Amino acid sequence: MDPIRNTAAAMPAQAPAAAPPPAGVEPDAVEAGAAAPPAAQAGWVVSRWRKLLVQSLGVGLCYAIVLVFFSVKLDNFFTTANVETILDGAALLGIVAVGQTYLIVGGGFDLSVGGVVPLGAVVFGSLLSRFGLVPAMLLTVAVGAGVGLVTGLIVTYGKINALITTLGMLSIAGGAAYIVANGQTNELTSPSAGFWGNAAPLGLQTGTWAFIILAVVGGLFLKFSVYGRSVYTIGGNREAAELAGLRVNAIAISGYVLSAACAAFGGAISASQLLASAPSIGTDTTLNSIAAVVLGGAALTGGVGGMSGTILGVLLLGTIADGLALLQVASFYQTVITGAVLLVAVGFSRARDVLALSSFVRRRI
Amino acid sequence: MTLEVRELSKTYGNTDALAAVSFTAHPGQTLAILGQNGAGKSTLVKILAGVLPPTAGSVALDGKPMTFSSPRDALKAGIVLIPQELAYLRSLSVAENILIGSWNGQRVVSQRRLAGAAAEFAEAIGLDVDLAEPMSALTLAQCQLVEIAKALSRNARVVLLDEPTAALSDVEAERLFEVLERLRRRGVITLYISHRLDEVLTHTDRALILRDGRSVACYDTADASRARLIGDMIGGPTAESEPATAAAGSGRPSTDGPAAAIRLSAVSHRGGGLADVSMTVTAGEIVGLFGVRGSGHEAVIRTLAGLQPHDAGQLEIGGVPRRPLRSPLHARKAGVAYVPGDRKKQGLALDQSLRQNLTAPQLGRFASLGKVSRRREQEFFETVASRLRLKYAASTQPIRELSGGNQQKILLASRIYMQTPILIIDEPTRGVDVGARSEIHALLAEVAATGTTIVFATSDLKEAVSLSDRLLVFQAGRLVDSLSGADKTEANALSAAGQQFEVR
């Protein structure tokens, strides 16, 4: 039908001697070798691994320092029980960060999660006794998705800046949480209330497994699905994606829906784990989720990053929180330290870029 | 002031980006630097401007050797680079942009005094704009002139221009040459990269031709011809392939009962960008749109690409009446793929891989059960790469690293292989070297031969004439002439477009 394709297919022998790159490469994989001839393939594969190593240096190095520090300071740090505590404690942030990753990779971000998480928690709390666990969960997630839909519509069609819109929604959803809860902490008394806090395989809580499954599925979907790859394209150059005829608006809106749905889901899980719903649950997830994604190597300009990095970032933040709690450091110091770690880790990766660049230049001259 | 370049080299690993290039330029001389993409032109000017350190060699100004540690040093010595992509401060005034950094020695910046000081430089090059206007109000061509005024304010003695005319219309380019003539009279040396050979022949004194990093020739342009320049750039016998492409296009057997792929009837835009335009394009035809900037040809492109829906008139695609196309997605559903004119800003995600850029518009094609198959993407990439003779290191390298010609090939392929019946192309080969350009022209002729309809707009007169089967000329929002066959000449196109200057 198209002779160009046919002629091309008929001469595979002329294809450059390019070995197919290893599977599982990020679509945004950055390769240092400048336009060298295809013959430079072997060296290129080696430098790819080096690059990968260098890329995880920032968060990896920080994580290593943090682990060494805590294991020296604490006898009971590397115990099964404590690792379980870290993972269980990271479930809420992890679930929120999964949604946030989609938005940041797509070139956006969502500040409203810190309001949607508590809203999800109190909505779940008030619906649970009336409707039972499963309907309450579904309705909670639907409420979250609804908030995300409004955010998405305002940003794409209202053309109001995402920072302002999600900041506004943060305030609205956070305030709504107080209204729904009447400003109070409510105990969850329904028999199924503690479902997400129940013990599940490997000593982890059900809610933690929800995070793990969501992260794996969400990660694979981001990396391999047409939708996920389109998110990368839009993050890489939104105007180009639009001119190519991609459904840019639909994908952007769905990102906000996904993020807010994850946040509400996380809020419900958190309430279930605590056996109480309060409008103060998870108000810190806005900055922490963005911090986790950025720690994981994503660029706020979009198009770069991935779920595995986000998970590493979530675990790093969770480990710090856990270690500091064990050291009985007051929680307000935690916020300071978390902020410092974020800056140090991102600073490492900047230094790494500079180092990689200068060694690249040296090698070339 | 004489610029002497001796044995200048730049090595990356074991490739020579620049190998022992030497030349001398005298005051008031205009030197064209020619060569295919990757020949070393940009490397040369970047070294001179202190952006890149050389591996070996020396540069002397008036016998005084120069050191190259930073662009700042080069500026101090009076060497100014005006890059292809201008960097200026959009929200500041024209005067502030001209005097940026020095602020004319003022401590407290007074806009009025600044404008007064900037006026001297603006007048010197005949830049006629309100100096208090913000930069964002200027056209690209005017911004370039501001850059030149800025260079003068810094006492530039050598001005390096990297493809200054690539994004200019012919009228604007002509204007730029007048300014360069003024620089020449002031004794400024101009080094000038261009792919437009006619320009070079008319407006420069000497041509330095680079090939694979080596200088292969340097002679007075008065002694040169287009064929000689191309011959030296390519390094083979001078078979200029552009006319051949056009011949291949028109020599195609015409389909019986030519179906109208696109029909516009009395299409207008309310703002006046397009007035009562009626035109028909048959399937498999390559139609060029030409005119002075803003005369309506761009508006036709935008209408068909879904960027500016028309307000009045009828649009038919493939014989089916269509409502005004409201978005590129809408246009795509109607069977129109669009190749934007600014490939870096509108066409590609520069930090993403070659493969990703190629497949992004139609990922669904490589997916089964929603999972995109890397293997199938890679196979497709390799097929396209060999078909288009792409020069690259790996399909996963960021597209930023490729030359303009190779980037353009990938952008075009990403739309051609969508296999829509209609292809709308804004500037098919802007900023692309001669070799890649004739390859792209041949490719488009082949695509059209399969029945795909191609409509393109270009600011390059030569391309307008050689690539098109039929050339539609616009003036003040109206379609004023349709040229084909023997009438389709550069002279006719220019006179129809209402341009005043002589044919070069």
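Because the structure is predicted, anything quoted here is derived from the model rather than measured. Chain identifiers are assigned alphabetically (A, B, ...) following the order of the sequence lines, protein sequences preceding nucleic acid strands; residue numbering begins at 1 within each chain.
- Contact of B/Ala337 with chain A is not made at all, since no heavy-atom distance falls under 4.5 Å.
- Surrounding CZ of B/Arg389 are at most 12 heavy atoms belonging to other residues, nucleotides or ligands under 6.0 Å away.
- Considering only heavy-atom pairs separated by less than 4.5 Å from chain B, the leading option among A/Gly236, A/Ala241, A/Gly228 is A/Gly236.
- At a cut-off of 3.5 Å, with distance as the only test, no side-chain donor of B/Gln408 or B/Arg430 sits close to an acceptor on the other residue.
- Considering NZ of B/Lys409 and CZ of B/Arg343, their distance stands at 12.0 Å, rounded to 0.5 Å.
- In this structure, chain A has no heavy atom under 4.5 Å from any part of B/Ser327.
- For B/Arg322, the CZ atom is densely surrounded, since the number of other residues' heavy atoms within 6.0 Å is greater than 12.
- Shown here are the side chain to side chain donor-acceptor pair (under 3.5 Å) partners of B/Thr453, two or more places apart in sequence or in another chain: there are none.
- The part of B/Lys333 that comes within reach of chain A is its side chain, from C-beta onward, which places non-hydrogen atoms under 4.5 angstrom from that chain.
- Across every non-hydrogen atom of B/Arg415 and A/Ala244, the tightest pair is NH2-CB, 3.3 Å.
- The interface of residues 153-165 of chain A with chain B, defined by heavy-atom distances below 4.5 Å, is empty.
- Shown here are the salt bridge (charged side-chain N to carboxylate O under 4.0 Å, His left out) partners of B/Glu7, two or more places apart in sequence or in another chain: there are none.
- A donor and an acceptor atom, one from each side chain of B/Ser395 and B/Gln378, are located under 3.5 Å apart.
- Most heavy-atom pairs under 4.5 Å with chain A: of the set B/Gln362, B/Arg332, B/Glu379, this distinction falls to B/Arg332.
- Contact of B/Leu307 with chain A is made through the side chain alone, with heavy-atom distances under 4.5 Å.
- Shown here are the side chain to side chain donor-acceptor pair (under 3.5 Å) partners of A/Thr151, two or more places apart in sequence or in another chain: there are none.
- Per-residue counts of heavy-atom pairs under 4.5 Å with chain B were compared for A/Val226, A/Leu220, A/Val248; the largest is that of A/Val226.
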